[in-house]
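To keep things clear, I will list the structure first and then write my remarks on it.
Values below: every heavy atom of this structure, side chains too, minus hydrogens, waters and symmetry copies. One-based numbering, in listed order, for ligands and for the atoms of each. Residue numbers run from 1 in the order of the sequence given.
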Amino acid sequence: MRRYSAFAIAREAARFHTGWERAWRSPEPKKKYDVIIVGAGGHGLATAFYLGKNYGITNVAIIEKGWLGGGNTGRNTTIIRSNYLQDPSAALYEKARSLYETMSQDLNYNVMFSPRGVIMLAQTESEIRGYQRTAHANALQGVKTEFIGPQRVKELVPIINLDGPRYPVLGGLWQERGGTGRHDAVAWGYARACSDMGMDIIQKCEVTGVRQEGGKVTGVDTTKGPIDCDKLGLVVAGNSGDLANMAGFRLPMESVALQALVSEPIKPCMDVVVMANTVHGYMSQSDKGEMVIGGGTDGFNNYTQRGSFHHVEETVRALVETFPMVSRLKMLRQWGGIVDVTGDRSPVIGKTPLGNCFINAGWGTGGFKAIPGGGWATAELIAKGEPGPLSAEFGMERFIEGRFIDESVAAGVAH
Ligand code: FAD
Ligand code: PYC
């Protein structure tokens, strides 16, 4: 792989950009791999990358039914933060956030990580108490956050209205090193690095069956024919239930669409990310100037990757009290992604009833921020066959043992 650099840009400019290589190969599948990862979203690609980088396992195929990064990874609102309440979550999300800090250098691919700061607004007395508790927990966990008062919120977000009639802004949980990253660049950067290590990314290839013998996976059936493997990783977010069905087990998860929208581009007006969880909307400004606005999940299980009119209305209505300028914006685009939600709003990274089959799923509305950490932990699980310290608490047996990792407040999006 030729490295991207300022020198490379100058060289290519001099020869009219005729020398750029394809960022990743598009091979036909081999008959057999050491590891097959199903799903070329951020978590699947990051898992493959750390299998190669941390464990030297490179005979790997990443199989994707659509195009890489075309699932939730390319559909999210790109918020990165690690201000979770419970110790195992704070460790996992902070590992991920810290990997984002150096991701562009590590992958030699500009993922535009922008640690511009994230505020979760407190707009009720109970939110004040909840976020103060999180700030104290984060201090013990080594995650840098602080609870700030309304005047500091106003300094950080001049366009905010502190005195809304129903939900005044009473303060907020501020994480200065939280922010955003370019979501599809994250997928592309990992894909390029995986391809460079000799891994095969096979797009437009749907897994239609999981073949097994004596309680172990032997391979998968796909729309490009059967492919054998020694180990299988299922990393398919909202389609996890389908894949588990093919493999013959059930998951404690449900799938639901989560929607988002963007406005027309406007001049820079807000250089932090604001989440208003009580009124239920969150907003940041993209580099193009669009206001990126997130709404809620659909109130019923479904597999649609579309937006719907009532969500636009509900989300915008929720935001105008706190951000009156939103009432003047034209909305440009809306879309949806299928998120996979667990009962405690924490992910599953763990073993399955099939000995050599592992799963990374259940990130719900918040797995973009976790991509490098989730991939790191899943690679360790697949390579060693046992969870490591980052994922030890996240196995699905916690739902049988009643050992929940309750993150319903930190999840940000009520669901
Ligand atoms: P995906 O990116 O969905 O990848 C799974 C892949 O598996 C898909 O590409 C799919 O095509 C493929 N696949 C499925 N079935 C098969 C099959 N049978 N064969 C082959 N391939 C298959 N998180 C945050 O942290 N911050 C946010 O601001 C944020 N905002 C969000 C906003 C929206 C509107 C949405 C929808 C999600 C948001 N999220 C956010 C959540 C985040 O996007 C997801 O948790 C994360 O992207 C999950 O990554 P993934 O790699 O597990 O899944
Ligand atoms: O997890 O921070 C988050 C988030 C914001 C919007 C959707 N998810």
* Asked: Purely on distance, is any nitrogen or oxygen of Thr365 under 3.5 Å from one on ligand 2?
  -> yes
In ligand 2, the atoms that come under 4.0 Å of a heavy atom of Tyr282 are 5 (C), 6 (C), 7 (C)
For residues 156-173, the side chain to side chain donor-acceptor pair (under 3.5 Å) pairs (sequence neighbours left out) are Arg166-Glu321
Side chains of residues 67-75: which donor-acceptor partners sit under 3.5 Å, not counting sequence neighbours?
unit_1: Asn72; atom_1: OD1; unit_2: Ile338; atom_2: N; d: 3.1
unit_1: Asn72; atom_1: ND2; unit_2: Ile338; atom_2: O; d: 2.7
unit_1: Thr73; atom_1: OG1; unit_2: Gly42; atom_2: N; d: 2.8
unit_1: Arg75; atom_1: NE; unit_2: Gly70; atom_2: O; d: 3.0
unit_1: Arg75; atom_1: NE; unit_2: Gly71; atom_2: O; d: 3.4
unit_1: Arg75; atom_1: NH1; unit_2: Gly336; atom_2: O; d: 3.0
unit_1: Arg75; atom_1: NH2; unit_2: Gly70; atom_2: O; d: 3.3

Can Glu314 and Arg317 be said to form a salt bridge (charged side-chain N to carboxylate O under 4.0 Å, His left out), step by step? CA-CA 5 Å; Glu314 273 174 21; Arg317 193 176 52 207; 5.0 Å; no
Per-atom filter on ligand 2: closer than 4.0 angstrom to a heavy atom of Gly366 are 1 (O)
- Task: Please check if any side-chain donor atom of Arg192 sits under 3.5 Å from a side-chain acceptor atom of Asn108, or the reverse.
- Result: yes
Protein neighbours of ligand 1 with a heavy atom under 4.0 Å, given by chain and number, are Val38, Gly39, Gly41, Gly42, His43, Ile63, Glu64, Lys65, Gly71, Asn72, Thr73, Arg75, Asn76, Thr77, Thr78, Ile79, Cys205, Glu206, Val207, Val235, Val236, Ala237, Asn239, Leu243, Leu258, Gln259, Ala260, Gly337, Val339, Trp363, Gly364, Thr365, Gly366, Gly367, Phe368, Lys369
If we number the atoms of ligand 2 from 1 as shown, the ones under 4.0 Å from a heavy atom of Lys369 are 1 (O), 2 (O), 3 (C)
Across all chains, not counting sequence neighbours, the side-chain hydrogen bond (donor to acceptor under 3.5 Å, both in side chains) partners of Glu393 are Arg403
**OP:** Verify, without hydrogens or angle tests, whether Asn138 (side chain) and Tyr84 (backbone) share a donor-acceptor contact under 3.5 angstrom.
**Re:** yes
Discussion item. For the aromatic rings, using the six-membered ring if either is Trp, is the centroid distance between Tyr190 and Phe49 under 6.0 Å?
Written reply: yes
In ligand 2, the atoms that come under 4.0 Å of a heavy atom of Arg81 are 1 (O), 2 (O), 3 (C)
Between Trp20 and Tyr4, what is the ring plane arrangement, given parallel below 30°, perpendicular above 60°, and tilted in between?
perpendicular
